[in-house]
Amino acid sequence: MTSPEVAALDAQAAPGTPARAPALPALWRRAVTEGLGTGLLVAIVVGSGIAAQSLSPDDVGLQLLENSLATTLGLAVLIAVLGPVSGAHFNPVVTLVDWFTGRRDGTGVRAADGGVYVAVQIAGAIGGSLLANAMFGIRAGLATTERATGPHLLAEVVATAGLVLVILGLLRSGRAAWIPASVGAYIGAAYWFTSSTSFANPAVTIGRIFSDTFAGIAPASVLPFIAAQILGGTLGMLVAAALYPRTPERPIGPGRPNVTHRPEETL
């Protein structure tokens, strides 16, 4: 959920010397990590939804509890494990925000790298959905659950804005180590306080087309959901900019001064 440059810092910098971020992992490593992480996230969301529907067929509330608990825990673990490699975006909106907010000082993902991130996130999400279907013996097919209502779209704006605010707020207040647990907890809570159950992620939204189950979304609902998510991400970024302005006195990340260089990639 963060730039990999924020995830690992040079703790041995001499006093008074700006900390330098270590070399980035090679793009192919980061791309594989983003695709794998997004795929596993969708497999968790869809797979736990299928399991919940099977285990609690007559109690939709219990199904949602089971689905949200698995997503909360799984997302937190994925961010903690994969974050040091790619930043664990797993979400095109997060990648866009990372690029936009870091484009001037070189702390965000490059535009070209961001395009690769988004492509592999979408591919991974589709693969994760198909994997979940296969694990539970569900025939592959397009979802039929229509979700694009006014309240659902408003919920997606709110859910995505909150997600971006959580990430940027923690980064800009020097608490990046809290991101895995906080993002997992926020998404778990948003399952319940939003009518849309908080997709908040264009790649996950596209992936969930390919499972006609509890977690699915009909193709006709996807573009409105993505538009709402992009709007929400923009609002979240604006709120974060107002509450946590970047200044020389406010480090970006845990004890990190603003870094203006772009380190070389390593294999």
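Since the model is a prediction, treat every value here as computed from it, not as a measurement. We count residues from 1, following the sequence as given.
- At a threshold of 4.5 Å between side-chain heavy atoms, the hydrophobic network of Ile, Leu, Val, Met, Phe, Trp and Tyr places Leu36 and Leu131 in one connected group.
- Of the inter-residue distances, the one linking Leu82 atom CG with Thr33 atom OG1 reads 6.0 Å to the nearest 0.5 angstrom.
- Remark: Ser48 OG to Gln53 CD distance equals 11.5 Å, nearest 0.5 Å.
- Nearest heavy-atom pair, Tyr244 versus Ser173, reported as atom, atom and distance to 0.1 Å: CE2-CB, 4.1 Å.
- In summary, the side chains of Glu146 and Ser221 do present a donor paired with an acceptor at a separation below 3.5 Å, with no hydrogens or angles considered.
- The minimum heavy-atom distance between Ala220 and Pro224, with the atom names listed, is O-CD, 3.6 Å.
- Residues Val77 and Val94 share a hydrophobic cluster, clusters being chains of Ile/Leu/Val/Met/Phe/Trp/Tyr side chains in contact below 4.5 Å.
- Atoms CD1 and OG1, on Ile226 and Thr205 in that order, are 6.0 Å from each other to the nearest 0.5 Å.
- Taking both residues in full, the closest heavy atoms of Pro202 and Pro92 are given as CD-CD, 4.0 Å, listed atom of the first, atom of the second, then distance.
- Formation of a donor-acceptor pair under 3.5 Å by the Asn201 side chain with backbone atoms of Phe90 is found in this model.
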For residues 38-46, please give each side-chain donor-acceptor pair under 3.5 Å, one per line with the distance, not counting sequence neighbours.
{"from": "Thr38", "atom 1": "OG1", "to": "Glu34", "atom 2": "O", "distance (Å)": "2.7"}

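- With hydrophobic clusters built from ILVMFWY side chains whose heavy atoms lie under 4.5 angstrom apart, Ile122 does not share a cluster with Leu96.
- In the hydrophobic clustering of ILVMFWY residues, with side-chain heavy atoms under 4.5 Å counting as a link, Leu235 and Phe100 come out apart.
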Donor-acceptor pairs are to be reported for all side-chain atoms of residues 150-171 against protein atoms at under 3.5 Å, with residues two or more places apart or in another chain.
{"from": "His152", "atom 1": "ND1", "to": "Arg147", "atom 2": "O", "distance (Å)": "2.5"}
{"from": "His152", "atom 1": "ND1", "to": "Thr149", "atom 2": "OG1", "distance (Å)": "3.2"}
{"from": "His152", "atom 1": "NE2", "to": "Ser195", "atom 2": "O", "distance (Å)": "3.3"}
{"from": "Glu156", "atom 1": "OE1", "to": "Ala200", "atom 2": "N", "distance (Å)": "2.8"}
{"from": "Glu156", "atom 1": "OE1", "to": "Gln229", "atom 2": "NE2", "distance (Å)": "2.8"}
{"from": "Glu156", "atom 1": "OE2", "to": "Ser196", "atom 2": "OG", "distance (Å)": "2.6"}
{"from": "Glu156", "atom 1": "OE2", "to": "Phe199", "atom 2": "N", "distance (Å)": "2.9"}
{"from": "Thr160", "atom 1": "OG1", "to": "Glu156", "atom 2": "O", "distance (Å)": "2.8"}

For residues 133-140, please give each side-chain donor-acceptor pair under 3.5 Å, one per line with the distance, not counting sequence neighbours.
{"from": "Asn133", "atom 1": "OD1", "to": "Ser211", "atom 2": "OG", "distance (Å)": "2.7"}
{"from": "Asn133", "atom 1": "ND2", "to": "Phe210", "atom 2": "O", "distance (Å)": "2.8"}

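- Between Ile206 atom CD1 and Leu223 atom CG the span is 8.0 Å, to the nearest 0.5 Å.
- Closest approach of Trp192 and Gly188 over heavy atoms only: CD1-O, 3.4 Å.
- Atom CD1 of Ile217 is separated from atom CZ of Phe225 by 4.5 Å, given to the nearest 0.5 angstrom.
- Connection of Ile187 to Leu64 is established within a shared hydrophobic cluster, with ILVMFWY side chains joined at heavy-atom distances below 4.5 Å, either directly or through further cluster members.
- Residues Ala132 and Gly47 come closest through the heavy atom pair CB-N, 3.7 Å.
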Test side chain to side chain donor-acceptor pair (under 3.5 Å) on Gln121 and Thr95 and set out the steps.
-> CA-CA 10 Å; Gln121 287 161 0; Thr95 298; 3.0 Å; yes

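- A distance of 11.0 Å separates CG in Leu238 from CG in Leu243, rounded to the nearest 0.5 Å.
- Of all heavy-atom pairs spanning Arg30 and Tyr117, the tightest one is CD-OH, 3.3 Å.
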